[in-house]
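A quick write-up on the structure given underneath.
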Amino acid sequence: MDADAPAENPYVTDPDTDFAPVEDLDAEAARDQAAQLREAIRYHDHRYYVENDPVIGDRTYDALFSRLVDLEEAFDLDSEDSPTRRVGGEPVDELDTVEHVAPMLSIDQSGDREDVEGFDDRVRDGLADADWDGEIEYVCEPKFDGLSVEVVYEDGRFQRAATRGDGVEGDDVTENVRTIPSVPQRLRGDYPEFLAVRGEVFMPKAAFREYNRERVERGEDAFANPRNAAAGTLRQLDPSITAERPLAVYFFDVLETSDAPDSHWTQLSRFRDWGLRVAEESERVGDIEAAIDYRDRLLEARDDLPYEIDGVVIKVDDGDAREALGATSRHPRWAFAYKFPARKEVTRVTDIVVQVGRTGRLTPVALLEPVEVSGVTVSRASLHNPDEIQRLGVGVGDTVRIKRAGDVIPDVEEVVEDRTESHFEFPEHCPVCDSAVERDGPMAFCTGGLACPAQLERAIEHYASRTGLDVEGLGPERIEQLMDAGLIEELPDLYALDPEALADLEGWGERSAEKLVTELDDAREPPLPDFLAAIGVPEVGPSTAKSLAREFGDLDSVLAADAEQLQAVDDVGPTVAREIREFFDSERNRAVIERLRERGVEPQAVEIEQGDALDGETFVFTGSLDEFTRSDAQDLVEAHGGSATSSVSGNTDYLVVGENPGASKREDADENDVPRIDEEEFLKLLDERGVR
Ligand code: IVH
């Protein structure tokens, strides 16, 4: 194109002057120029995304790209692997399942040094048994905290990509992976005829922060961490959405190739030659001590890396040695992941507040000086209950070490610097309504019931929430506003709201006032299960509510059922039956139901069917959820054709992480590449499937 371009960089051009108007080209000239542009763009993509060493500015690049788009449009030049395809193809209804070229195994792993030494011993013994007498060398690489993908190239062209799935089959994410700029559409140089590679797709830390900021600005929910963001993006049904999100990839293993070299280190250098991105941090070392040293160095450097890692992977370098060692059914014997300890950071407690939940449960929360823990800014940590405060001996002003055990809310692990003489005294009266605080085991409760404004507020929130009657336009802020204005003193007041009084409130107008009143009117005859879930009976979430409705048919029969009849209902045991009875026996609750009825609320009997919206999908739950008990969540999944199991395996589709999750399930999920989702994402998924 530009005759004056330097020889080592043949594709530099000045788009402002070099291109004749599209109309002036004939079909052949257009085809030639499009072909040159594609090659130029591929070259610059490689310089930018793979080599990290761009040779042209963004403006020039954009001009080349839009010229190519213009030509393809004007002359109808479609090409499977044109860079313009990166903007994403048509949305699909669901992702197809595809079988991997070779099983995608997982890696043996541990965070203990002794286990790493044990791995080295097994490698030595194994190779001695196999009479392999070469020098053992290890290749050390970062262990990327993203999602494993298989990418297949045939004749150097990007063919398809799949998630790991159960290791044998995964989801076809070809169109999504095609949009990732660091995945080349064509290999460079002397590539093999057939190549299936394994890599990790992730969202770089800086891009993640920026992307989350934009989401929040648009009023969307932030992702908890880069891994979740990458998982959600990779399995998008609409590739054009994937294209807009900043994903990247590193490649680190061959699944199958027509031309295998004799060592992993050589393989990585070939990857680079072919334009496949390899982490610069990879190193080859002479023994396990040096590999351990590599891990220590990377742990130090972790925060400075542009992407998240959760350990290092140590791999035997020699190809024959690998073959001699072989694999178990789960993982190769030639690789080991030396994991980093959980993320911890030190910060100061600026205050301790006590929150009142819907059931009156009091949860102490430490407010913190904001600190970043694995890519997430943390400014509060749950202290769980009064006993935990006692155990930690924590007070305002103390410096504490916090640990992100789950994905969202961190734990306070210990006090590292005690600045206060006495630690936090748990209040004896509810901070909101001043009722006495009652202890039940390690937990504390406000005894104010619905007379406590905080409990009432939560109860109304729950009543109007998606788990309840799903009243649009009645979120937490509005409920607080209505209560502050004295328009609601108890739940049934919702049905006596005066549109004129509403319209006078700040931020409301006639339309929004009318709309809310209409929404509430429409909710006067709710399906019985929704109503039972909405009024906040302890332990009764959507699924148990459905079982109760199925068993008893109408509200009066539920109200009249004795403990024994209640226990006949699926998953209602003696404790739950007693709690349900106590709830309905409480005069205050009876009065609320009575007054709701006086205001025209009459729950309706409904046919209850089993659905199949979650057919074939497997969920595992860890930690406690807000909107459901764990067993309700499991029932809900099963009622819609999904399965809920207690441990994570390669067959698990989602690990739903609540508060105080177990570490082992998370680790199993990571090892098996099972996406971790939080409660909000779970709810969103249910909504998307029309389950709720
Ligand atoms: S090698 C069977 N190398 O970690 C050996 N895996 O916990 C092939 N991972 O899902 C994998 N970084 O996707 C290898 N440098 C790296 C890796 C890596 C991250 C992932 C891998 C797997 C998970 C295992």
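As the structure lists them, so they are numbered: ligands from 1, and atoms in each ligand from 1. Computed from a predicted structure; not experimentally measured. This chain uses plain numbering: 1 for the first residue, then up along the sequence.
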Ligand-residue contact atoms, ligand 1 with [X], heavy atoms, under 4.0 Å:
X	answer
D253	8 (C)
V313	3 (N), 15 (N), 16 (C), 17 (C)
L105	2 (C)
P142	12 (N), 15 (N), 16 (C)
Q109	7 (O)

Check your understanding: Hey, what's the ring geometry for F119 with Y138, parallel, tilted or perpendicular (30° and 60° as the breaks)?
Key ->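 If you compare the ring of F119 with that of Y138, the planes turn out tilted.
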Check your understanding: Between D81 and R42, is there a salt bridge with N-O shorter than 4.0 Å?
Key ->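 The answer is yes: the pair qualifies as a salt bridge.
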Exercise for review: Give the contacting part of A279 toward ligand 1: side chain, backbone, both or neither, where contact means a heavy-atom distance below 4.0 Å.
Suggested key: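 For A279, there is no contact with ligand 1 at all, from either part.
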Please state which protein non-hydrogen atom is closest to [atom] and give its distance, to 0.1 Å?
atom	value
atom 18 (C) of ligand 1	F252 CZ, 3.4 Å
atom 23 (C) of ligand 1	K143 NZ, 3.9 Å
atom 20 (C) of ligand 1	E200 OE1, 3.5 Å
atom 22 (C) of ligand 1	R198 NH2, 3.3 Å
atom 24 (C) of ligand 1	I107 CG1, 3.8 Å
atom 15 (N) of ligand 1	E141 OE1, 2.8 Å
atom 12 (N) of ligand 1	F144 N, 3.0 Å

Review point. Does E679 use its side chain to pair, donor to acceptor, with the backbone of D626 at less than 3.5 Å?
Key: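 Yes; judged by distance alone, with no hydrogens or angles, the pair exists.
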**Study point:** Any S282 heavy atom less than 4.0 Å from ligand 1
**Key:**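 No.
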Check your understanding: So how far is it from E137 CD to W265 CH2, rounded to the nearest 0.5 Å?
Key ->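 So the CD of E137 and the CH2 of W265 are separated by 10.0 Å.
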**Study point:** D108 CG to F336 CZ distance, which is reported to the nearest 0.5 Å
**Key:**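 D108 CG to F336 CZ: 5.0 Å, rounded to 0.5 Å.
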Review point. Is the number of heavy atoms from other residues, nucleotides or ligands under 6.0 Å of E214 CD greater than 12?
Key: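 Enclosed: over 12 neighbouring heavy atoms sit under 6.0 Å from CD of E214.
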Review point. Do Y294 and Y338 have ring centroids that are under 6.0 Å from one another?
Key: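 No, too far apart.
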Review point. Does the gap between the ring centers of F619 and F682 come in under 6.0 Å?
Key: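 Yes; F682 has its ring centre under 6.0 Å from that of F619.
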Quick check: does [X] get an N/O under 3.5 Å from an N/O on ligand 1?
X	answer
P332	no
S148	yes
K315	yes

Practice item. Decide whether a cation-pi geometry holds between R235 and Y654; the criteria are a distance under 6.0 Å from NZ or CZ to the six-membered ring centre and an angle within 45° of the ring axis. Key: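 Yes, a cation-pi geometry.
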**Study point:** Residue pair E281 / Y307, side-chain donor-acceptor N/O under 3.5 Å
**Key:**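 Indeed, the side chains of E281 and Y307 share at least one donor-acceptor pair under 3.5 Å.
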**Study point:** Flag side-chain contact, heavy atom, 4.5 Å: R186 against Y153
**Key:**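 No, their side chains stay 4.5 Å or more apart.
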